[in-house]
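Data first, discussion second: the structure below is written as structure tokens.
Chain A is the first sequence line, chain B the second, and so forth, proteins listed ahead of strands; every chain is numbered from 1.
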Amino acid sequence: MKRRPENEGRAEHGSVERVPAELDTVKPGRLLDRSFFARDSVVVAPELLGCIVTANGVSVRLTEVEAYREDDPASHSFRGRTPRTAVMFGPAGFLYVYFTYGMHYCANLVCGEDGAGAAVLLRAGEVIDGEPIARGRRGETVKDRDLARGPARLAQALGWGREDNGRDMVGAVRAGEPTLWAAGPRTGITKAADTPWRFAIPGDRFVSPYKRHPKAPAAEQDQAPPAK
DNA sequence: CAAAGGATGGCCT
DNA sequence: GGCCATCCTTTGG
């Protein structure tokens, strides 16, 4: 079975594609093993959409992820291995947590072969279990939609912090129902923002809003037509 | 020692 | 939804 574009995307996403063939054989609910993660992060990323991550009493269905690799200027691993990025250069299936904006944490699943320096950032999801616990961490007044819509919100909802860097996630991620996916430009970064490695479930209300980084170079105009 | 990197919450339209 | 204020850690020089 081949992947193929099904229609022209909106300005945000270039195209909508069918569920990856590899996942057609992975039954929903089945735990993803280490070999699943030990492939190119750009291949693994879209396959993670719809999958369920469980940690500390909360389960999240992933709606948006982003791939990073060592050859990617926007990746923390781009300048080689450092104390901070050591986990990224280790074996796949482990959690890479980094601190950002002086107050938030973001979580990635390490991908690729041992030493590859690749990972998939978990950008957004829907809390499908343990909602009271998630709300306790996020705030009692937070709307359901915003419990895990955003990388730092998702990490907080799952109770992750610095001490979770390097945690083995094999056994904590399950295959989900097959889903459509779309690839688009990345948000929040200044370098290689137009490399279409941000993957999301089209139309899902738990996908975070696309916001280009103010300092990112302007997008090329010859691609998709203006939104409207 | 200086520079770069980044998401969220609040408030207003 | 758009615009604004907020800040510590890591890395390069």
With respect to the side chain of [X], which nucleotide from [options] is positioned closest?
| X | options | answer |
| --- | --- | --- |
| A:F99 | C:dT9, C:dG12, B:dA7 | C:dT9 |
| A:P83 | C:dT6, B:dT8, C:dT11 | C:dT11 |
| A:R162 | C:dT9, B:dA7, C:dT11 | C:dT9 |
| A:C106 | B:dG5, B:dA7, C:dT11 | B:dA7 |
| A:T190 | B:dA7, C:dT11, B:dG5 | B:dG5 |

Exercise. Can A:R39 be said to sit on top of A:F36's aromatic six-ring, NZ or CZ under 6.0 Å from centre and within 45° of the ring axis?
Worked result: yes

For this session: Report yes or no: is the cationic atom of A:R162 (NZ for Lys, CZ for Arg) under 6.0 Å from the centre of the six-membered ring of A:F99, at an angle within 45° of the ring normal?
Result: yes

Length of the line joining [X]:[atom1] and [N]:[atom2], which is rounded to integer Å:
| X | N | atom1 | atom2 | answer |
| --- | --- | --- | --- | --- |
| A:M88 | C:dT10 | CE | P | 15 Å |
| A:Y101 | B:dG9 | OH | P | 13 Å |
| A:Y210 | B:dT8 | OH | P | 16 Å |
| A:F78 | B:dG5 | CZ | P | 12 Å |
| A:R212 | C:dG1 | CZ | C1' | 18 Å |
| A:R186 | B:dG5 | CZ | C1' | 14 Å |
| A:N165 | C:dT9 | CG | P | 15 Å |
| A:Y98 | C:dC8 | OH | C1' | 14 Å |

Reckon [X] has a side-chain N or O less than 4.0 Å from the OP1 or OP2 of [N]?
| X | N | answer |
| --- | --- | --- |
| A:R123 | B:dA7 | yes |
| A:H76 | C:dT11 | no |
| A:R138 | B:dG9 | yes |
| A:R153 | B:dG9 | yes |

Exercise. Going through the distances and angles, do A:Y68 and A:H76 end up as a ring pair (Phe, Tyr, Trp, His ring centres under 6.0 Å)?
Worked result: CA-CA 8 Å; A:Y68 288 92; A:H76 285 174; 7.4 Å; no

Exercise. Pick the nucleotide of DNA chain B nearest each of A:H213 and A:V142; which residue has the one closer to the 5' end?
Worked result: A:H213

Exercise. Is the shortest distance from a Lys or Arg side-chain nitrogen in A:D144 or A:R138 to a carboxylate oxygen in the other one below 4.0 Å?
Worked result: no

Exercise. Could A:R34 and A:D168 be called an ion pair, given the rule that one side-chain N must be under 4.0 Å from one carboxylate O?
Worked result: yes

For this session: With heavy atoms under 4.0 Å as the rule, sort A:K215 into base, sugar-phosphate or nothing.
Result: nothing

